[in-house]
Amino acid sequence: MLGHLSFLEDLDASNNQLRSISSSLGHLSCLARLNLSNNKLKTLPAEIGQLKNVKQLDCTANLLEDVPVLLAGMDSLEQMYLRQNKLTYLPELPNCRVLKELHVGNNQINTLGPQHLKHLCSISVLELRDNKLKSLPDDINILKGLERLDLTNNDISSLPNSLGNLPNLKSLQLEGNPLRGIRRDILSKGTQELLKYLKSRVQVEEKSDQNTVTAMTLPSDALVNTHSITTLKTLEYCDKQAPAIPEAVFNAAGTNPIVTLNFSKNQLTEIPPRIVELKESASDVNLGFNKINEISLNLCMLLKLTHLDMRNNLLMSLPEEMEAMTRLQSVILSFNRFKTFPDVLYRMPTLETILISTNQIGFVDPLQLKKLTKLSTLDLQNNDILQVPPELGNCESLRALHLEGNPFRNPRAAILSKGTAAILEYLRSRIPT
């Protein structure tokens with residue numbers, strides 16, 4: 001029957017309980033708009049690729065884990081909505097040359113590679129919010145027509161400098177990501193200032209060969225990039241597997257105000273004592289991937305700190321003195337050895353992001369968390385939480401709550417997969433009255 005409606009231009013089958021779509025759909029040769037949203041579809045028929053005139057396809061809120069390769073045959077497609085499904089990767093669309101908008105928010109996409117982008121030659125809106133992306137490819141700059149990029153609530157820690165070369169990008173949304181290496185004041189100034197900053201870093205990369213201090217001038221094997229220190233206010237000594245930071249690194253900083261410090265991926269067993277020399281300017285410190293077992297009081301004296309990355313260390317507790325860090329907005333403590341949620345974090349009302357996954361935490365206090373009125377991202381994945389307190393549902397500032405990988409029985413996986421709003425609503429419904 002469906003296949004006989006050959007002149008049909010608009011088909012709305014939304015808000016049903018559909019688990020499948022007839023392959024005769026492919027015979028609707030005049031169809032321009034197809035709405036299959038809010039059903040229970042796990043797959044789409046391969047014949048959907050025969051719909052050569054469809055301009056708008058809406059499959060929001062289904063159970064799709066992938067899309068058929070033949071969907072790429074919809075070569076008139078201009079808008080595609082795949083929000084709130086179970087996609088783990090972005091579909092490759094080699095023939096969708098006129099696709100202008102692709103909405104894939106609220107999925108489980110964890111990888112974005114050049115192969116996913118190379119055919120999106122007309123794309124102007126790319127919405128990837130509430131996924132599990134950890135990085136963007138340098139090739140993002142091939143999307144020359146991109147005007148809006150929404151990456152809200154992912155797990156992105158750094159941005160490729162090539163983003164700065166997108167000539168038409170007007171809106172870049174990054175809230176709820178554990179970004180490091182970019183000063184918070186730059187992020188707060190909006191898209192254009194951020195793009196200018198990233199573009200300046202491209203220029204620094206191009207000049208890095210001539211600006212690197214070499215062993216000829218500093219007998220310490222090209223320790224630091226002087227241009228980064230003076231222009232970007234960044235001091236880096238990372239990925240060296242060094243047991244200590246050489247004195248020459250701090251000496252090179254001199255009297256320059258250092259805003260960003262990156263000593264990650266070494267073999268440090270303690271926080272370098274000379275870090276206190278940066279207390280007047282440092283706002284972003286990355287000491288991840290070391291062997292540090294305690295936060296020193298010297299670090300607690302960096303009162304301008306807004307972002308602290310201590311992931312992949314040996315921490316079991318945090319000092320009470322951290323409470324003095326009244327500007328701290330983001331802290332990353334994943335992959336450490338915490339057995340309890342650090343009490344001091346409850347007393348830091350400026351916190352917006354707490355990432356403390358893959359520890360051994362058994363309990364969080366929802367009444368204390370509710371006092372953190374700016375907290376929007378809380379990652380408690382892969383801990384030892386046996387019961388999720390229903391009162392956690394009252395933490396209404398949360399936009400991203402991650403609980404997967406804990407041994408609790410409720411909320412069940414089906415609730416967790418629906419995202420933060422659904423989790424909070426479920427928890428509120430369990431509060432005793």
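Considering only residues two or more places apart in sequence or on other chains, D155 meets the salt bridge (Lys or Arg N to Asp or Glu O under 4.0 Å) condition with K134. In this view, R148 satisfies the salt bridge (Lys or Arg N to Asp or Glu O under 4.0 Å) rule with no residue, not counting sequence neighbours.
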Verdict with supporting geometry, T373 and S397, side chain to side chain contact (heavy atoms under 4.5 Å, CB included)
CA-CA 6 Å; T373 56; S397 64; 5.6 Å; no
Where do D130 and N153 land on the side-chain hydrogen bond (donor to acceptor under 3.5 Å, both in side chains) test, with the steps shown first?
CA-CA 5 Å; D130 295 290; N153 294 335; 3.2 Å; yes
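Within a 6.0 Å radius of CZ in R428, more than 12 heavy atoms belonging to other residues, nucleotides or ligands are found.
The aromatic rings of Y81 and H103 lie parallel to each other, with less than 30° between the two planes, well short of the 60° mark.
L174 has its side chain out of reach of N154: every pair of non-hydrogen atoms, C-beta onward, lies at least 4.5 Å apart. Proximity of L126 to L146: side-chain heavy atoms (C-beta onward) are separated by under 4.5 Å at one or more points. Proximity of L235 to I229: side-chain heavy atoms (C-beta onward) are separated by under 4.5 Å at one or more points.
With respect to the salt-bridge test (charged N to carboxylate O, under 4.0 angstrom), the residues E193 and K196 qualify. By the 4.0 Å N-to-carboxylate-O rule, R129 lies too far from E175 to be salt-bridged with it.
Taking CG from N312 and CG from D309, the interatomic distance works out to 8.5 Å, rounded to the nearest 0.5 Å. Summarising the geometry, atom CD belonging to E352 is positioned 6.0 Å from atom OG belonging to S376; distances are rounded to the nearest 0.5 Å.
Checked against L133 for a side-chain contact (heavy atoms from CB on, under 4.5 Å), the options L151, T111, N110 give a single hit: L151.
The ring-ring contact (aromatic ring centres under 6.0 Å, His included) pairs that include a residue from residues 335-374 are F341-Y346, where partners are two or more places apart or lie in different chains.
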